[in-house]
There are 2 protein chains.
Amino acid sequence: MTLKRVAEDLNLSVTTVSRALNGYPDVSEATREKVREAARKVGYVPNRLAQALQRGTSEAVGIILPSQFGHFEDPFFLELLVGIGERLHSANLDLVVCAVPEGPAEVDAYKRLVEGRRADAVIIARTRRHDERIDYLIEQGVPFVTHGRAETATPIAFIDADARTAFRRATERLIELGHRRIALIGAPEELFTAGERKTGYEEALRAAGITFDPDLYAVTRLNERGGTAAAERLLGGDKRPTALLCANDAIALGALRIARRLGIAVPDELSIVGFDDLPMAAQAEPPLTTMRQDIRGAGARLAEMVCARLGGTAIADLQELLEAPLIERESTGLASQT
Amino acid sequence: MTLKRVAEDLNLSVTTVSRALNGYPDVSEATREKVREAARKVGYVPNRLAQALQRGTSEAVGIILPSQFGHFEDPFFLELLVGIGERLHSANLDLVVCAVPEGPAEVDAYKRLVEGRRADAVIIARTRRHDERIDYLIEQGVPFVTHGRAETATPIAFIDADARTAFRRATERLIELGHRRIALIGAPEELFTAGERKTGYEEALRAAGITFDPDLYAVTRLNERGGTAAAERLLGGDKRPTALLCANDAIALGALRIARRLGIAVPDELSIVGFDDLPMAAQAEPPLTTMRQDIRGAGARLAEMVCARLGGTAIADLQELLEAPLIERESTGLASQT
DNA sequence: TACACTTTCCAAAACGTTTTGGATCGCAGG
DNA sequence: CCTGCGATCCAAAACGTTTTGGAAAGTGTA
């Protein structure tokens, strides 16, 4: 059902019908009502493509889903996606998703998205320190917002958890509990957030006069399997840490499993801290101490920010750092006296 | 950069440029090369919206993400999404995702998608026995494929795990191991697959001359929390089952947790079986016996099917039932003699 | 009566493609 | 010289909308 057909039925011009439906003031209330009624009755729905073509915008935002993140172990992305999707939907924007293997294909996918005018703006998640996707978008002048920061020449619109502060506080708390040998299982170093987490951890150590021990630092992928691997290495050695700070709840849960397998009591012999506060964290055995991040909320905010960006809001007004408070449960406790 | 600009640069008509790029035979090889070269040099990318409008197709398929499924506990959807997305991307189709709360908003979202010509076809996941989304799409004549079957008047294109056979086999195996009191934690009954699973279970019981005991049947949501709740009920009673068949790995993991909390040894006192074979299943303590389902593969196949459907393949040729083989690990064993 | 101003409507252009239905030219065959 | 034909090219219409720049009719004012 097209505008033309509705217009013919009513013996009006398409112009008038269009303007009636779009709330222009130059159509009488009587005809506006007639038009609304007729449109409703025949089930008229505007053709998105025609609208988009005419307006020169596609009313859609794109996001790339690196397939690697699709894995079960990493529920982060779906949660973010739902947050973004819901909010965009209520703003009457479509969300175009491309799943591509991580690597050069990613930038290509963004290219197809923006150069084919399929999306007015894009969202980037899991930013890397030096991110070609961001470089490309800046160069092209495409509006975008990111979840996570990056090292860029010009400022970008982002939302991010303040992982540095969170990790500093968590480390301070562990020190307060008497821990001295605190290990960090960090994220892959190309991720911007990896540096933040490590910095926060180091700041707290330094403030307490503890020197950073490279043997107490491991890097691994952000999933449970990564956690088990790293924990095996760290806990298998002779200078075993008394506390384990994990980049992720998934990693922390993996570490918890290893501790159990090795017969290390948590929290009596080993304290473990995660990040994210997944629902599973509270149900772990013992319930996991972690830093809370509202991922779905961040997704919703990201969607709002992308709308704002499209509406012309300045980048400087679209940079948000979210607190990630420490939720103390039962996986942390006083350091053992050994 | 538009077709017109390219044409002007070359002193050709837009017609010729268009036809040159699209491989029509009525343009000389010499001009075709010139056009290709010029287009490449100025970075011409066709405007998807204009193409879509003209062709009357949007080159996109839609999928609705019920927000409820976005939850961390249920990684199913993301995996499916990645499978679908990758394959569609390589077929040069866009994937438009809407996240909406489950309920009437779902059908509305599909309406917006198809009536606004935003998608040529749609994919439905987690089908319900009586599914308004499907009814609507059939009525509208919109091509669609589903993950999961449904009770419909006319046949539909679907892909689904053969949960009935899988659950029958699993139950048979438990009976073979000496179990008599086998409980089932099923999915919410409005889901089509819930009935399939229960039927398979009942078939095996009947064949072994065991009568179905309603006290050994619980229904719960398909996530870990659902599993803990249902297991608490089933294991707390006096006529405790010796085996637990779960609709889901997530549920099974929840049940495992409850067994541990109640001090019930797995598998010595209680056998537990899941479904999906999430990566986590193999790493559970003890490693979970489960039925394997390749969700990402199903997603890819779903994408192929939707392409086939758009290409005119008959519905009858697009109905696939996938085997879900039993993977025996250490959460199952001989029935205890109590 | 003429003028200006409002209100209400509309024809036509535009967005960037694809496709239809020729038009033009050169050349071979009669 | 005319006809027919293949090889190239192109103008214009079409897809469904929004927007521009009026036009027509009504209303009050001088």
Side-chain angles (χ1 to χ4, degrees), chain A residues 1-36 38-39 42-60 92-94 112-120 310, chain B residues 1-36 38-39 42-60 92-94 111-120:
Chain A
M1 180 54 60
T2 74
L3 214 47
K4 187 154 73 169
R5 296 257 288 283
V6 177
E8 278 164 4
D9 288 358
L10 288 166
N11 263 325
L12 284 172
S13 74
V14 291
T15 307
T16 304
V17 175
S18 170
R19 296 178 81 82
L21 293 173
N22 290 322
Y24 278 71
D26 64 349
V27 29
S28 76
E29 268 315 311
T31 39
R32 189 192 304 282
E33 255 325 306
K34 260 195 310 216
V35 170
R36 280 223 186 95
V42 301
Y44 167 74
V45 175
N47 182 321
R48 219 63 201 306
L49 300 168
Q51 283 185 325
L53 179 60
Q54 154 65 27
R55 295 210 269 245
T57 95
S58 59
E59 321 278 303
N92 200 24
L93 285 174
D94 290 330
R112 242 174 57 176
L113 228 41
V114 304
E115 287 175 15
R117 299 278 134 63
R118 295 144 126 119
D120 299 330
L310 285 171
Chain B
M1 182 54 59
T2 75
L3 214 47
K4 188 154 70 167
R5 296 257 288 283
V6 178
E8 278 164 4
D9 287 358
L10 289 166
N11 264 326
L12 284 172
S13 73
V14 291
T15 307
T16 304
V17 175
S18 169
R19 295 177 82 82
L21 293 174
N22 290 323
Y24 279 71
D26 64 349
V27 29
S28 75
E29 268 316 312
T31 38
R32 188 191 304 284
E33 254 326 304
K34 260 194 310 210
V35 170
R36 280 223 186 95
V42 301
Y44 168 73
V45 175
N47 182 321
R48 221 53 198 322
L49 299 167
Q51 284 185 326
L53 179 59
Q54 156 65 26
R55 295 209 270 244
T57 98
S58 60
E59 322 277 303
N92 200 22
L93 286 174
D94 289 335
K111 272 192 187 156
R112 239 173 61 173
L113 229 40
V114 305
E115 288 175 15
R117 298 282 131 64
R118 197 64 216 221
D120 299 330

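The model shown is predicted, which means the values in this text are computed figures rather than measured ones. Each chain gets a letter, A, B and so on, in the order its sequence line appears, and its residues count up from 1.
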query = Given atom CZ of B/Arg5 and atom P of C/dT17, what is their separation to the nearest angstrom?
reply = 11 Å
message = Working note: A/Thr15 + A/Ser18, criterion side-chain hydrogen bond (donor to acceptor under 3.5 Å, both in side chains); need CA distance, chi angles, decisive distance, verdict.
response = CA-CA 5 Å; A/Thr15 307; A/Ser18 170; over 6 Å; no
task = Check every atom of D/dC9, D/dT18, C/dC9 against the side chain of B/Thr16 and return the nucleotide holding the closest atom.
result = D/dC9
query = Taking OP1 and OP2 of D/dT18, is either one under 4.0 Å from a side-chain nitrogen or oxygen of A/Ser18?
reply = yes
task = Would you kindly give the CG-to-P distance between A/Asn22 and D/dT17, to the nearest whole Å?
result = 11 Å
key: salt_bridge(A/Arg32, A/Glu29) N-O dist < 4.0 Å   = yes
query = Below 4.0 angstrom from OP1 or OP2 of C/dT18, is there any side-chain N or O of B/Gln51?
reply = yes
ask   = Should A/Tyr24 be listed as having a side-chain N or O under 4.0 Å from OP1 or OP2 of C/dT7?
value = no
inquiry  = Rounded to whole Å, please give me the gap between CG in A/Leu53 and P in D/dT18.
reply    = 12 Å
request  = Quick one: pull up CZ in A/Arg118 and CG in A/Leu113 and give me the separation to the nearest 0.5 Å.
outcome  = 6.5 Å
query = Between A/Asp94 and A/Arg48, is any pair of side-chain heavy atoms under 4.5 Å apart?
reply = yes
inquiry  = When you compare the side chains of A/Thr16 and A/Ser13, does any donor N or O come within less than 3.5 Å of an acceptor on the partner?
reply    = yes
ask   = Any donor-acceptor pair under 3.5 Å joining the side chain of A/Thr15 to the base of C/dA11?
value = yes
task = Ignoring the backbone of B/Thr2, work out which of D/dG16, D/dC10, C/dT17 is nearest its side chain.
result = C/dT17
inquiry  = Considering every strand and a 4.0 Å limit on heavy-atom distances, what is the contact class for A/Leu12: base, sugar-phosphate, or nothing?
reply    = sugar-phosphate
ask   = OP1 or OP2 of D/dC15 sitting under 4.0 Å from any side-chain N/O of A/Asn47?
value = no
remark   = On DNA chain D, more 5' by nearest nucleotide between B/Arg19 and B/Arg117 is B/Arg19
task = Step through the shown structure and confirm whether more than 12 heavy atoms of other residues, nucleotides or ligands are within 6.0 Å of CZ on B/Arg117.
result = no
note = Rounded to whole Å, the CZ-C1' distance (B/Arg32 to D/dC10) equals 16 Å
Nearest listed nucleotide, side chain of B/Thr31, among D/dC15, D/dT17, D/dC9 = D/dC9
query = In whole Å, what is the span from the CG atom of B/Leu21 to the P atom of C/dT19?
reply = 13 Å
ask   = Rounded to the nearest Å, what distance is computed from the CG atom of residue A/Leu10 to the P atom of nucleotide C/dC9?
value = 11 Å
message = Does D/dT19 have its OP1 or OP2 closer than 4.0 Å to a side-chain nitrogen or oxygen of A/Gln54?
response = no
remark   = Of the candidates D/dT8, C/dC9, C/dG16, the side chain of B/Asp26 sits closest to D/dT8
request  = Send over the distance from B/Lys4 NZ to D/dC10 C1', rounded to a whole Å.
outcome  = 15 Å
remark   = Assign each of A/Val14 and A/Val27 the nucleotide of DNA chain C bearing its closest heavy atom; nearer the 5' end lies the nucleotide of A/Val27
message = Rounding to an integer number of Å, can you tell me how far A/Arg48 CZ sits from D/dC15 C1'?
response = 17 Å
